[in-house]
Amino acid sequence: MRKTLIVTMREIKDMKDAIEMAILGDYIPSDSRLDDFSISQKMISLSKLLTYDDYSSWGEYDKGELKKLSNKDLTETLISFRSKKWAEKALTWIKDESFSSIIIFPNLGIIGDGRGRTNIAVGMHWKKVPVIFLT
């Protein structure tokens, strides 16, 4: 029996953004489309997620760093990281302990979309995160 893949409109947009990023970075051919990839979705550990990209080269937060902040300091930190609008989304993710899937190209060893969400997961030291693999 085949498992049905359920993705949100947000995740479809994120997958297309990931493909665009991979094209611009010369990781994949310029004529690549979403249909060219096999898509799988799962929950993986934070430590496993961090094996797919070099977080030390772009990550902002140490494990659990954001958990230690007061609400006011957390809000200010997130605003300074990206923007007020992004911080509002991130605060919702933190409250819900959930966000849309991080898009990974496992064969390339890169996170195609979701570095901000990865920063939240690391900063909050979440144990598991949702990912979509584009292979």
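Here the structure is a predicted model, which is why all the values come from computation and not from measurement.
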Assess whether atom CG of Asp31 is packed by more than 12 heavy atoms of other residues, nucleotides or ligands within 6.0 Å. yes

Derivation and outcome, side chain to side chain contact (heavy atoms under 4.5 Å, CB included), residues Phe81 and Asn119: CA-CA 10 Å; Phe81 174 57; Asn119 272 288; 3.6 Å; yes

For Asp62 and Val122, run side chain to side chain contact (heavy atoms under 4.5 Å, CB included): C-alpha distance rounded to whole Å, both residues' side-chain angles, the deciding distance at 0.1 Å, then the answer. CA-CA 6 Å; Asp62 292 330; Val122 170; 5.9 Å; no

Honestly curious: do Leu69 and Trp86 fall in one hydrophobic cluster under the side-chain, below-4.5 Å linking rule? yes

Measure the CG-OG1 distance between Leu78 and Thr75 for me, rounded to the nearest 0.5 Å. 6.5 Å

Separation of Phe37 CZ from Thr135 OG1 (nearest 0.5 Å): 9.0 Å

Strictly distance-based, threshold 3.5 Å: is any side-chain N or O of Ser32 a donor or acceptor partner for the main-chain N or O of Ile28? no

Work out which heavy atom in Met124 is nearest to a heavy atom in Lys67; give both atom names and the distance. O-CD, 2.9 Å

Verify whether the ring centers belonging to Tyr52 and Phe133 lie closer than 6.0 Å. yes

Would Trp126 and Ile120 count as a side chain to side chain contact (heavy atoms under 4.5 Å, CB included) here? Give the steps. CA-CA 8 Å; Trp126 288 346; Ile120 294 298; 4.0 Å; yes

Are Met43 and Val129 close enough, and set up right, to give a side chain to side chain contact (heavy atoms under 4.5 Å, CB included), and what steps lead you there? CA-CA 5 Å; Met43 294 291 287; Val129 293; 5.7 Å; no

Trp58 (side chain) donor-acceptor with Asp54 (main chain) under 3.5 angstrom: yes

Asp113 with Lys13: basic N within carboxylate O range, under 4.0 Å: no

Name every donor-acceptor pair, under 3.5 Å, that has one atom in a side chain of residues 90-107 and the other anywhere in the protein, sequence neighbours excluded.
unit_1 : atom_1 : unit_2 : atom_2 : d
Thr92  : OG1    : Glu88  : O      : 3.2
Ser100 : OG     : Arg117 : NH1    : 2.8
Ser101 : OG     : Glu11  : OE2    : 2.8

Given 3.5 Å as the limit, does a donor-acceptor pair link the side chain of Glu76 with the main chain of Asp73, or not? no

Looking only at heavy atoms, what is the nearest atom pair of Asp36 and Arg33, with distance? OD2-N, 2.7 Å

Between Lys84 and Ile79, what is the shortest heavy-atom contact and its length? CA-CG1, 3.8 Å

Indicate if Ile111 and Ile12 have the same hydrophobic cluster label, given that clusters are the connected sets of ILVMFWY residues with side-chain heavy-atom separations under 4.5 angstrom. no

Using 0.5 Å steps for rounding, measure from the CG atom of Leu134 to the CD1 atom of Ile110. 9.5 Å

Between atom CG of Leu66 and atom CD of Glu60, what is the distance when rounded to the nearest 0.5 Å? 10.0 Å

Any donor-acceptor N/O pair, Tyr27 side chain to Met21 backbone, under 3.5 Å: no

Taking NZ, NE, NH1 and NH2 as the nitrogens, is one of them in Lys16 or Glu20 under 4.0 Å from a carboxylate oxygen of the other? no

Can you check whether Ile39 reaches Met15 side chain to side chain, under 4.5 Å on heavy atoms? yes

In this structure, would Ile44 and Ile132 fall into the same cluster of hydrophobic residues linked by side-chain contacts under 4.5 Å? no

State plainly whether one hydrophobic cluster holds both Val131 and Ile19, where clusters connect Ile, Leu, Val, Met, Phe, Trp and Tyr through side-chain heavy atoms under 4.5 angstrom apart. no

Rounded to the nearest 0.5 angstrom, the NZ-OG distance for Lys128 and Ser47 is 8.5 Å

